[in-house]
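Data first, discussion second: the structure below is written as structure tokens.
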Amino acid sequence: MSSRAEAEAAYVADLLEGLNDPQRQAVEHPGGPLLVIAGAGSGKTRVLTHRVAYLVLTGQCSIGEILAVTFTNKAAAELRHRVGDLLGRSTRGLWVQTFHSACARIMRVEAEKLGYTRQFTIYDSDDSKRLVKRCLESLGADTKRYTPNGVRNQISDHKNRLRSPEQAAELAAGPYDRTVVDAYALYQKQLARNNAMDFDDLMFRTVDLFERFSEVRTRYRAAFKHVLVDEYQDTNPAQYRLLQLLCMDDPLHTAGSAHSGSPAQLALDGDDLGPLAGEEPGHRNLMVVGDDAQSIYGFRSADIRNILDFEDDFPDAQVIRLEQNYRSTQHILDAANAVIAQNSDQRPKHLWTDLGAGEAVRVRALQDDFTEARWVVAEVERLAGEGVQFSEMAVLYRTNALSRIIETALTNAEIGYQVIGGLRFFDRAEVKDVIAYLSWLQNPANTVAFARIVNRPRRGIGDTTVGRLIAHAAATGITPLEAIEQPEAAGLKTAAIRAVGVFRDQIAELRETLAQSGENDVSVADLVEQVLRVTGYRADLEASSDPQDEGRLENLDQLHAYADEFDHDVATADEIAATAGQTALDRFLERTALLSDADHQAEQEGGQITLMTLHNAKGAEYDAVFLVGCEDGIFPHSRAIDSGELEEERRLCYVGLTRARRHLALTWARRRALYGPPQAQYPSRFLRELPSDALDEDSADQLTGAVSSASRPRVDMSKIGRMGSGSGKGLESVKRLGDMGLKRGSDLLRPAGTPAMPEDERPVLRVGQRVRHGKFGTGEVTALETDVFVIRFDEFGERRLIAGFAKLTPLD
DNA sequence: TATTGCCTCGTTTTT
DNA sequence: CGAGGCAATA
């Protein structure tokens with residue numbers, strides 16, 4: 001053996017040191033499709049990083065021939081960092097990217113083939129929502145019935161399933177679907193006209209590109225000899241297809257029928273659909289790592305079938321399971337195992353540890369939300385007294401609305417905390433405004449950015465004027481930038497022309513600066529500064545008396561600082577190579593578009609306890625975890641109960657439980673004031689799935705008393721009718737209901753114009769009785785409460801009616 | 001055109 | 001309770 005080979009063998013032996021058997025098996029996998037089922041805390045990142053290092057050290061491929069994809073920038077950064085540590089050298093050339101940034105990078109190079117310029121703008125969900133709204137309006141759709149957000153989600157789902165508008169049309173069942181499809185078609189047209197892609201397009205267009213241009217496909221297939229995927233359980237059909245196109249044989253024909261879709265329709269020349277005769281076979285080196293039990297993004301079109309059916313999709317696939325957990329004590333794992341075992345659509349799995357049984361898991365029923373919060377705080381203080389760091393504790397909840405009361409309790413106890421999630425830095429209106437300025441300067445076709453900033457700060461350019469400018473631009477095929485140069489042609493009158501003129505001059509000045517920046521490489525920070533100054537944006541905020549504007553100014557300072565940092569951040573050689581021909585502004589916009597706040601978020605400051613949703617908790621771990629609000633309707637969420645999505649909720653529970661290393665407590669409140677007055681709550685069904693052996697003795701009776709009432713038929717508050725239009729004449733009655741612990745206001749329905757009915761005239765009803773109502777037609781009484789009827793109408797579903805107002809005629 | 005007040009409605013959200 | 005939407009106002 002040559003000394004070089006010996007040295008290499010030594011390196012590799014070193015690398016494999018300390019891995020358990022299945023981990024090592026995964027790292028040494030000879031090639032071909034590999035699925036690593038990595039239970040929570042089983043060392044999946046370890047496997048990924050070691051695998052990359054192994055491939056490089058054994059000379060199976062160079063570092064630049066590996067593509068590792070993740071879902072978050074944070075995960076990508078960590079992966080890169082840890083691979084660097086293992087290899088002891090630079091990871092330059094290694095493609096560690098999020099799905100979206102990898103696609104964006106490819107699209108920047110290939111955009112022209114699909115009719116975009118390289119400067120295409122990436123729309124975030126907010127931009128995309130605005131555009132959808134505009135589309136709906138121009139279709140004349142009622143945006144109350146067709147909410148922009150709802151329609152956008154539907155469109156997003158179509159795209160994630162690789163359905164073109166035409167294909168979506170084939171599936172459209174009712175009038176709602178058809179409107180969605182119309183909006184989708186128009187929306188895509190507008191995106192193209194705006195030279196913009198939304199997040200979904202980054203994936204969809206890349207798939208499209210690979211499917212239609214064999215030359216491009218071949219190039220990327222050859223470039224990556226190994227593809228690794230993190231969090232595979234969260235991939236959607238588009239991502240699945242992309243992986244297939246990159247790795248597998250005969251890529252145009254291997255698509256599973258469930259996932260296949262033909263390219264979106266784009267009017268383009270140079271189509272290159274053809275048989276694949278002569279195309280190199282795929283390398284098949286696809287390694288995916290994930291945990292089906294942690295698939296919690298189904299609502300974002302992630303398809304758990306991807307991981308469940310991996311062996312069917314790739315018949316020669318190897319499957320390796322990692323079940324040894326290095327994080328939690330056995331009681332915690334027992335609890336998690338028991339809960340997830342209730343799911344039927346789940347790979348059987350049994351986490352175990354050699355860390356010992358540990359402390360019992362605790363379940364606590366508290367009389368109300370306030371008491372619950374205080375209990376958690378008291379426990380936090382007790383644990384702190386035992387030496388657990390605040391930074392090692394977390395409070396988890398299903399919905400953000402639950403955080404407030406915990407925050408209040410922590411504040412009262414003077415315990416520092418940080419809330420993860422909420423409004424991100426780059427989503428703040430003022431930050432987005434400035435970015436929109438920059439974005440529009442870079443891409444004048446970006447109508448969404450134009451509409452956003454044209455009257456910000458206020459310049460007296462109202463909706464009508466903006467509408468005329470946009471309509472004029474659309475009608476004549478020019479950009480909004482050109483449109484403001486010809487306000488007369490757009491049909492504007494004197495006052496509007498003057499206002500637009502001011503704006504036009506400001507933009508001209510900014511464009512001048514930008515043009516110079518191309519030559520002299522003026523920094524992005526300077527551009528930000530220019531925007532703030534020239535547009536009067538800063539002056540406007542400074543002159544304001546609104547106290548919130550102070551914070552906005554601070555945010556803008558932060559944005560400036562961020563841009564400054566960006567200017568001085570020496571781009572890696574990689575980035576420069578990938579972005580040849582791009583200006584600093586181009587790169588800045590790309591980065592901000594794809595960067596979430598989590599990446600920007602300061603590392604855990606010492607001494608602070610963390611509050612976050614269960615979704616945000618994935619990947620995190622803490623010594624002590626409190627899972628609050630374990631009540632049916634909250635967790636599992638009522639909407640999930642309705643739509644039968646309990647398994648995903650249960651996986652969410654599994655995620656929550658497995659975040660804890662040593663201390664785990666689950667709490668629920670018998671009464672909770674979520675919106676308005678307190679309401680009776682019932683314990684989460686998941687609590688009853690916890691094995692008593694894993695619980696402490698006090699936990700045993702924490703569900704009794706309430707369980708019997710939970711089995712009582714309950715009114716599903718989410719299906720309750722709404723108060724009719726008209727003013728609050730019913731307020732008194734509504735207030736009385738509030739006093740009785742029922743929800744008030746919008747949950748109660750009073751048909752417009754219906755007068756209150758004297759008590760003695762109200763019909764006597766019984767459950768099961770058929771009734772007629774003036775507005776809702778016929779239905780059946782499902783429940784009676786004091787002053788309230790609950791009726792399931794044949795056409796409108798369940799509604800709650802105020803007895804004093806509802807005119808109901810008994811039918812039998 | 002900007003401001004106001006009233007009404008509605010209420011998951012989760014890696015990009 | 002509180003944010004966002006919208007219609008009635010100044």
Side-chain angles (χ1 to χ4, degrees), chain A residues 69-76 97-104 122-125 128 133 143-144 147-149 153 156 160 197-203 230-231 233-236 238-239 294 296-302 396-402 404-405 420-424 426-427 455 458-466 495-496 499 590 592-599 612-619 629 633-643 645 648-649 651-652 655 673-678 717-718 720 722-728 731 738 743-747:
Chain A
V69 277
T70 64
F71 278 88
T72 66
N73 292 298
K74 200 173 148 203
Q97 310 254 46
T98 65
F99 270 105
H100 291 87
S101 63
C103 288
I122 298 172
Y123 278 178
D124 67 15
S125 7
S128 134
K133 189 173 176 211
T143 50
K144 281 221 173 105
T147 62
N149 232 339
N153 289 340
S156 175
N160 287 149
M197 296 190 204
D198 62 18
F199 286 143
D200 305 321
D201 273 335
L202 292 174
M203 305 295 315
D230 191 18
E231 307 277 19
Q233 75 281 357
D234 291 332
T235 50
N236 63 34
Q239 288 154 343
Q294 293 184 64
I296 55 175
Y297 283 101
F299 67 96
R300 301 246 318 203
S301 314
L396 309 181
Y397 35 79
R398 173 67 232 265
T399 71
N400 289 116
L402 297 192
R404 176 173 296 182
I405 192 157
I420 307 284
L423 197 59
R424 307 154 184 218
F426 286 104
D427 285 345
N455 196 31
R458 304 236 135 95
R459 302 186 172 91
I461 303 177
D463 287 347
T464 345
T465 307
V466 178
E590 165 122 0
T592 52
L594 294 176
L595 208 63
S596 79
D597 203 37
D599 312 307
M612 61 185 158
T613 63
L614 288 162
H615 282 89
N616 272 314
K618 198 175 70 172
I634 292 179
F635 186 39
H637 195 273
S638 54
R639 290 173 79 143
I641 298 173
D642 289 349
S643 54
E645 284 155 352
E648 182 149 313
E649 294 286 301
R651 292 193 288 270
L652 204 46
V655 166
L674 203 45
Y675 319 110
M717 298 306 270
S718 69
I720 300 311
R722 303 297 169 202
M723 188 121 156
S725 58
S727 57
L731 254 169
K743 279 189 155 189
R744 62 181 160 90
S746 57
D747 296 303

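Order of the sequence lines sets the chain letters (A, B, ...), proteins ahead of strands, with each chain counted from 1.
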*Please state whether the phosphate of B/dT1, meaning OP1 or OP2, lies under 4.0 angstrom from any side-chain nitrogen or oxygen of A/Thr465.*
yes

*Under 4.0 Å: is that the gap between some side-chain N or O of A/Asn616 and OP1 or OP2 of B/dT12?*
no

*List for me each residue that meets side chain to side chain contact (heavy atoms under 4.5 Å, CB included) alongside A/Thr399, sequence neighbours excluded, and say none if there are none.*
A/Ala401, A/Leu402, A/His637

_Test side chain to side chain contact (heavy atoms under 4.5 Å, CB included) applied to A/Lys133 - qualifying residues, sequence neighbours left out_ = A/Glu137, A/Pro148

*For side chain to side chain contact (heavy atoms under 4.5 Å, CB included), just list the numbers for A/Leu614 and A/Phe635, CA-CA rounded to whole Å, side-chain angles, deciding distance to a tenth of an Å, and then say yes or no.*
CA-CA 10 Å; A/Leu614 288 162; A/Phe635 186 39; 3.7 Å; yes

*Residues two or more places apart in sequence or in another chain: which of them pass ring-ring contact (aromatic ring centres under 6.0 Å, His included) with A/Phe71?*
A/Phe99

*Does any donor-acceptor pair link the side chain of A/Arg300 with the base of B/dT15 at a separation under 3.5 Å?*
yes

*Relative to the 5' end of DNA chain B, which residue comes earlier, A/Lys618 or A/Ala640, by the nucleotide with the nearest heavy atom?*
A/Ala640

Kindly give the atom pairs (protein nitrogen or oxygen, nucleotide nitrogen or oxygen) under 3.5 Å for nucleotides 5-8 of chain C.
none

Looking at every strand, decide which applies to [X] at a 4.0 Å heavy-atom threshold: base, sugar-phosphate, or nothing.
X	result
A/Thr70	nothing
A/Gly460	sugar-phosphate
A/Tyr297	base
A/Asp200	nothing
A/Arg458	sugar-phosphate

*Looking at residues at least two apart in the chain, or sitting in another chain, which of them share a side-chain hydrogen bond (donor to acceptor under 3.5 Å, both in side chains) with A/Asp234?*
A/Lys618

*Measure the distance between the ring centre of A/His637 and the centre of the six-membered base ring of B/dT11, then answer whether it is under 5.5 Å with planes under 30°.*
yes

_Which residues pass the salt bridge (charged side-chain N to carboxylate O under 4.0 Å, His left out) test with A/Asp230, not counting sequence neighbours?_
A/Lys44

